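Everything on this sheet refers to the single structure shown next.
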Amino acid sequence: IYRGMLDKQIQNRLRHMQALRNVEHAINTITDKQIIIDLYLNQVTSLLNINAAIVLELNHKINQLEFISSIGLEYSESSSRVISLLDNFVGKAILNRNSILLNNIKEGDLPPFLKIIVDAEKFNAIMAVPLISKGRIRGILILMNKGAIQFSPELNELLETFSNQAGLALENISIYEDMQYSNTRVIAAIEDVIQSWSKAVEKGKECAEGHIESVVRLSIKIARAMGLDEDAINSIRQGSYLHDIGESLVPDSIMHKRGSLDQDEYGIVRKHPENAVELLSGIDYLSGALEIPMSHHERWDGSGYPKGLKG
């Protein structure tokens with residue numbers, strides 16, 4: 001009998017370890033919040049033998065808990081609610097940074113959102129577990145059960161480890177999303193600069209209004225006809241906008257000279273493709289676009305510049 005119990009304990013520990021590894025692997029390899037939390041909830045409810053669970057993320061800007069995901073619920077409106085930190089035992093669990101267990105739910109114990117779910121699903125026990133990472137509250141795990149919630153010391157330890165993992169996951173995803181937002185803003189700023197540069201060059205050349213836009217549209221049309229992928233087309237679009245940016249380093253006295261250029265002046269103008277590369281080469285985001293400013297004056301017969309490429 002003792003050996004059988006020991007074998008069962010070993011098997012349970014192996015299951016727990018595998019579940020923890022599964023969640024840890026997801027945290028380290030997946031950036032989709034929904035996928036990670038869904039996996040987390042599946043592991044938690046399965047190993048703790050709980051009927052249902054919800055994860056809510058703390059939005060520090062508005063001081064409210066926002067729904068991320070749930071498991072084991074039939075109530076269809078659960079994903080549309082938020083919970084204020086002033087709401088009963090959930091807020092207390094957050095503010096006190098401790099789990100709160102209610103095995104005999106009484107009137108007034110629950111915030112309205114959870115009361116509707118508990119009544120609809122006929123749950124009799126509920127537990128709120130703060131999700132903390134690096135000393136900061138990231139969210140809360142709500143466990144709900146039709147029977148009493150009772151955990152052994154081993155399962156309590158497992159729940160604590162799971163909670164730490166979930167807190168870390170929410171922190172990592174928050175950092176990733178902040179970085180994505182920052183990158184998006186940087187890219188948007190660079191695109192604005194590209195537009196401004198192209199307009200300034202067009203104005204400085206005193207060429208027909210809309211010339212650069214026409215070049216861009218035609219370049220994209222040719223690129224699509226050639227079957228190029230979207231990354232390549234985007235680089236072509238950027239390069240087309242900036243194809244004459246190197247002319248900004250050519251003195252106005254040459255760019256606006258009435259009459260023919262002398263040999264030295266023409267030599268300066270012919271350097272504008274190399275000027276463009278010099279201007280843009282420090283911007284990694286535009287690395288794929290440099291070939292167009294560099295080579296847009298090359299010719300099939302090799303008579304172009306600056307490299308005299310021949311096709």
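None of these values were measured; they are calculated from a predicted model.
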Identify, with sequence neighbours excluded, every residue that meets side chain to side chain donor-acceptor pair (under 3.5 Å) alongside [X].
| X | value |
| --- | --- |
| N49 | none |
| S219 | S240 |
| K146 | none |
| Q238 | E191, Y285 |

Among all residues two or more places apart in sequence or in another chain, which pass the side chain to side chain contact (heavy atoms under 4.5 Å, CB included) test with [X]?
| X | value |
| --- | --- |
| P251 | S253, I254, I268 |
| I220 | V216, R224, I233, R237 |
| S303 | R299, D301 |
| D264 | D262 |

How long is the straight-line distance from [atom2] of [Y] back to [atom1] of [X], given to the nearest 0.5 Å?
| X | Y | atom1 | atom2 | answer |
| --- | --- | --- | --- | --- |
| L65 | I137 | CG | CD1 | 9.5 Å |
| L290 | S295 | CG | OG | 10.0 Å |
| I50 | F123 | CD1 | CZ | 9.5 Å |
| N98 | I132 | CG | CD1 | 8.0 Å |
| L141 | S99 | CG | OG | 8.5 Å |
| I105 | D119 | CD1 | CG | 8.5 Å |

- Query: Does the side chain of E66 pick up a donor-acceptor pair with the side chain of N59 at under 3.5 Å?
  - Reply: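 There is such a pair (donor and acceptor under 3.5 Å, judged by atom type) between the side chains of E66 and N59.
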- Item | Contact list for residues 124-133, test side-chain hydrogen bond (donor to acceptor under 3.5 Å, both in side chains), sequence neighbours left out |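 Output for this query lists S133-E171.
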- How would you list, by chain and number, every residue that makes a salt bridge (charged side-chain N to carboxylate O under 4.0 Å, His left out) with E265, sequence neighbours excluded?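 Expected list: K257.
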Answer whether the closest heavy-atom distance between the side chains of [X] and [Y] falls below 4.5 Å.
| X | Y | value |
| --- | --- | --- |
| Q195 | Y241 | yes |
| V44 | L143 | yes |
| I54 | S69 | no |

- Task: Using modelled atom types only, decide if a donor and an acceptor are shared between the side chain of S46 and the backbone of Q43 within a distance under 3.5 Å.
- Result: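 Not at all, since once roles are kept as given, no pair shorter than 3.5 Å links the two residues.
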- Task: Indicate yes or no for a side-chain donor-acceptor contact from H296 to the backbone of I292 under 3.5 Å, with no hydrogens or angles considered.
- Result: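 Flag set: sc H296 to bb I292 pair under 3.5 Å.
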- Pairwise salt bridge (Lys or Arg N to Asp or Glu O under 4.0 Å) hits with a residue in residues 35-57, at least two apart: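 Sorted result for residues 35-57: K33-E57.
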- Taking only residues two or more places apart in sequence or in another chain, which ones pass ring-ring contact (aromatic ring centres under 6.0 Å, His included) with Y305?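 For Y305, the residues satisfying ring-ring contact (aromatic ring centres under 6.0 Å, His included) (neighbours in sequence not counted) are H297.
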